[in-house]
Amino acid sequence: MKPDTVRTRADLKQIVDEWRRSRLTVAMVPTMGALHAGHLALVRAASEAADRVVVTLFVNPKQFGPAEDFGSYPRTEDSDRALLAELGVDVLFAPSAAEMYPDSFATSVSVGGPAEGLETAFRPHFFSGVATVVAKLLIAGMPDRAFFGEKDYQQLLVVRRMAADLGLPTEIVGCPTVREPDGLALSSRNAYLDARERAAAPALHRGMAEAAERIRSGEPPEPAIADALAAIRGAGFVVDYLEIRNADTLAPVADWRKDPLRMLAAARLGRTRLIDNIPVPNPA
Ligand code: PAF
């Protein structure tokens, strides 16, 4: 019964090689599991874009810092597999840590450009861990396209930069963030929020959306961002960053009236760290 669960890169290659001989196209959706509707939207987009779909499930130790939640990150492979079966996914690639990083493993992929600042200022290990594992996954499956959520916007741009710079033949496709009706972006880490925190959490997106609207209507970014920060802090968040960057490169904004703009934030509510981002329309 689909999906076939595959544990080794050699077995994945064998299956993909067979598909290739039949001239079938292949899409990949890399995940760390604990699948929610945001992941399932990526899987649906992948299914529409290719003949065969591989979903990867690997909680990647290299992208967690020593004080982060690697040990407690939700691991729900059986229920994830059931969700993927409903969507007709062909292969679930769920390797062990030893398969991905044998004892002798000594390489890491380091990305500049869009990886500079924002998340990197708070999680310096993060993008090198992501770029290393995603490079390995793409090399293992050689998909035509790989799908990533815009929810992790900086990650999306880092992966796109890495794939282009290493000459990997995979198109990196970004898909819109899926939100709860109250605006909270779906994330596996939302499961950490208690009832009080869950009620406060939409203030992050609300503050950002109000600031974006003020900028769209012609106000300069600084006061709009200052008010958003005050509102988000007022809801109980400790804000790591709330910034507007060039949406294409994540470089600092040169001209906020003309540059493509993206607002990105990370903030902590109790022990849960949430990230979010939205496009900021230029003033008309
Ligand atoms: O976004 C994620 O779930 C992870 O960072 C990814 C891309 C699967 C790499 O481990």
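Start at 1 and go down the list; that is how both ligands and their atoms are numbered. Side chains are part of it too, since the values below use all heavy atoms of this structure and drop only hydrogens, waters and symmetry mates.
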*Asks:* Please tabulate, one line per pair, the protein N or O atoms found under 3.5 Å from any N or O atom of ligand 1, giving the distance to one decimal.
*Replies:*
unit_1	atom_1	unit_2	atom_2	d
ligand 1	1 (O)	Q155	NE2	2.8
ligand 1	5 (O)	Q63	NE2	2.9
ligand 1	5 (O)	Q155	OE1	2.7
ligand 1	10 (O)	Q63	OE1	2.6

*Asks:* Would a single hydrophobic cluster contain both V53 and V26, if residues Ile, Leu, Val, Met, Phe, Trp and Tyr are joined by side-chain heavy-atom contacts under 4.5 Å?
*Replies:* no

*Asks:* Testing T56, L42, V54, N60 one by one against P30 for a side-chain contact (heavy atoms from CB on, under 4.5 Å), which residue passes?
*Replies:* T56

*Asks:* Would you kindly say whether Y192 and D69 are connected by a side-chain donor-acceptor distance under 3.5 Å?
*Replies:* yes

*Asks:* Would you tabulate the side-chain donor-acceptor contacts of residues 125-139 under 3.5 Å, counting partners in other chains and residues two or more places apart, or write 'none'?
*Replies:*
unit_1	atom_1	unit_2	atom_2	d
H125	NE2	Q63	O	3.4
H125	NE2	G65	N	3.0
H125	NE2	E68	OE1	3.3
H125	NE2	E68	OE2	3.4
S128	OG	V109	O	3.4
T132	OG1	V109	N	2.8
T132	OG1	S128	O	2.6
K136	NZ	M100	O	3.0

*Asks:* Are L24 and R20 packed together at the side-chain level, in the sense that at least one heavy-atom pair is separated by less than 4.5 angstrom?
*Replies:* no

*Asks:* Could you check L83, V29, V55 and say which one makes a side-chain contact (heavy atoms from CB on, under 4.5 Å) with L40?
*Replies:* L83

